[in-house]
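Below is one structure, written out as structure tokens; comments come after it.
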Protein chains: 2
Amino acid sequence: MSKLGDDLYRAMRHDIVFGRLDANSKIRLSHLKETYGASIPTLREILNRLVSEGFVVAEGKRGHIVAPISKEGLKDIADLRILLECYALRLSLAKGNTDWEAHVISAHYKLSQMEKRMQSGDDSAREAWKQYDWEFHQALISACGSIELLQVHGIVFDKYLRYQMRLLTFRGDVASAEHKALLDAALNRDADTAESVLRTHINGGVAHSFQVFAK
Amino acid sequence: MSKLGDDLYRAMRHDIVFGRLDANSKIRLSHLKETYGASIPTLREILNRLVSEGFVVAEGKRGHIVAPISKEGLKDIADLRILLECYALRLSLAKGNTDWEAHVISAHYKLSQMEKRMQSGDDSAREAWKQYDWEFHQALISACGSIELLQVHGIVFDKYLRYQMRLLTFRGDVASAEHKALLDAALNRDADTAESVLRTHINGGVAHSFQVFAK
DNA sequence: TAATGTAAAATAATCGATTAATGTCAAGCC
DNA sequence: GGCTTGACATTAATCGATTATTTTACATTA
């Protein structure tokens, strides 16, 4: 895989997660060619990767669609995220060193600054806000020591994030407080509290999303 | 994705799992072309899928290798398999209906017949044996109700299976007894026992493999 | 003899062309 | 008017060709 292929892959996956490629929409290779500036067989290579990860659905000889979203799909992904991330969090808390702590604090700081902006009504940077959310959660589990687990979690998290970008508005103080509680529990190596807060945090996001899930 | 693409993908993934494409070996597109009878760009499409799943590693502009194996890798995959499969098993036991029970019994019957053959010293059908092993475990979790979970588990199971095909010989009565215990616990909807047996079963396989892991 | 540089060969990545399949629309039949 | 069939257009899938990169072999130099 080359730089062009990697750049393409990242851009397309990003565009799916952040909604620029709309859920359930038909993927037209000629449109992709214009949007991403690569030839059709090269784009097909990338589509294959995204199919394997579940961001794109191949429809036999009729091309591809962006993976659909649904309430059931959100619940399914959220449950899997909870399973994986709680497990990874426990491992991380048990294994994380000082570098990890610094990494977690730094990521939380950036997230909390962004949350202050959202709190003040500045909705212009939703994408950056979710990016920092992502970074914080990745930081928390980064010391778990399992390459396979982090790989699977990364995909599941992005699928979850896709729903959030589609559905979610800022939940307010609740979410910020949960992030802070996660930080504290992590630094205190309190695995039970961390897991409990994380479950509450994710389930809270899902419940909030269900309220706006008008499909 | 077309029939040719799907056939290719299945064949290559199968060949990686069952060792025909050797771990850590350089993947030569010209060799693949001869082996699988498709053109290089088509093969590249399939390689992209396998990269996303972790069966193949892309090395930038230097092509691809079959994913390496290691003791740490086996432990990593086994732990993830345990996490996913125990969770899926619990869900399946809670949700499975009569059709599911019939499916599980049928799969166990086929596996136990094969294990009798292995028991008698017939080592000629290791591949079919592991195929039935796969079928039994898939049957057990098939009623879990989570598409995403089954998808992820399928990949993880195949990665685990790859180690087994490489390392494992028949463990004897112990494995057969564990499969029977799993069947009984499942039909009795005894989730705690089922999970406990499954953990023992997988960890037993790992320990057995470590004994022969001479790398 | 070992290290370095260069050219050629081999291989990988990307693209345009060709073939195959699907979708759309119009005409004919009931 | 509704349904079916056929023709044509569009799109997708696959392949061969081209370009780019890496590897290998050989010559030169220290």
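By convention in this document, chain letters (A, B, ...) are assigned in the order of the sequence lines, proteins followed by strands, and residues within each chain are numbered from 1.
Ring geometry for A:His201 versus A:His137: interplanar angle under 30°, hence parallel rather than tilted (30 to 60°).
Within the 4.0 angstrom heavy-atom criterion, no nucleotide atom of any strand lies near B:Leu8. If you check every strand for non-hydrogen atoms under 4.0 Å, B:Leu32 touches nothing.
Taking atom NZ of A:Lys26 as the reference point, atom C1' of D:dA12 lies 8 Å away to the nearest angstrom. Across the protein-nucleic acid pair, A:Leu47 atom CG and D:dT14 atom C1' stand 15 Å apart, rounded to whole Å. The distance from atom CD of A:Glu45 to atom C1' of D:dA13 is 13 Å, rounded to the nearest whole Å. We find that NE2 of A:His64 is positioned 14 Å from P of C:dT22, with the value rounded to whole Å. Rounded to whole Å, the distance from CD1 on B:Ile46 to P on D:dA13 is 11 Å. Rounded to whole Å, the distance from CG on B:Asp7 to P on D:dA13 is 15 Å. What separates NE2 of B:His31 from C1' of C:dA12 is a distance of 14 Å, to the nearest Å. Rounded to whole Å, the distance from CD1 on A:Ile65 to P on D:dA12 is 13 Å.
A donor-acceptor pair under 3.5 Å is formed between the side chain of A:Ser209 and the backbone N or O of A:Gly205. The main-chain N or O of B:Ile69 is never found under 3.5 Å from a side-chain atom of B:Asn24 such that the two would form a donor-acceptor pair.
Atom OH of A:Tyr132 is surrounded by 12 or fewer heavy atoms from other residues, nucleotides or ligands within 6.0 Å. The local environment of CZ in B:Phe136 is crowded, with over 12 non-hydrogen atoms from other residues, nucleotides or ligands closer than 6.0 Å.
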Which atoms of nucleotides 15-17 of chain C (N or O only) lie under 3.5 Å from a protein N or O atom, and what are those distances?
residue, atom, partner, partner atom, Å
C:dC15, OP2, A:Ser39, N, 3.1
C:dC15, OP2, A:Ser39, OG, 3.0
C:dC15, OP2, A:Thr42, OG1, 2.8

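Side-chain atoms of A:Tyr36 and A:Asp15 include a donor-acceptor pair closer than 3.5 Å.
Nearest nucleotide to the A:Arg62 side chain, out of C:dG23, D:dT23, C:dA13: C:dG23. Comparing C:dT14, D:dA12, C:dT22 by their nearest atom to the side chain of A:Lys61 picks out C:dT22.
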Kindly indicate, with the supporting measurements, whether the criterion side-chain hydrogen bond (donor to acceptor under 3.5 Å, both in side chains) is fulfilled by A:Asp158 and A:His14. CA-CA 9 Å; A:Asp158 266 4; A:His14 182 275; over 6 Å; no

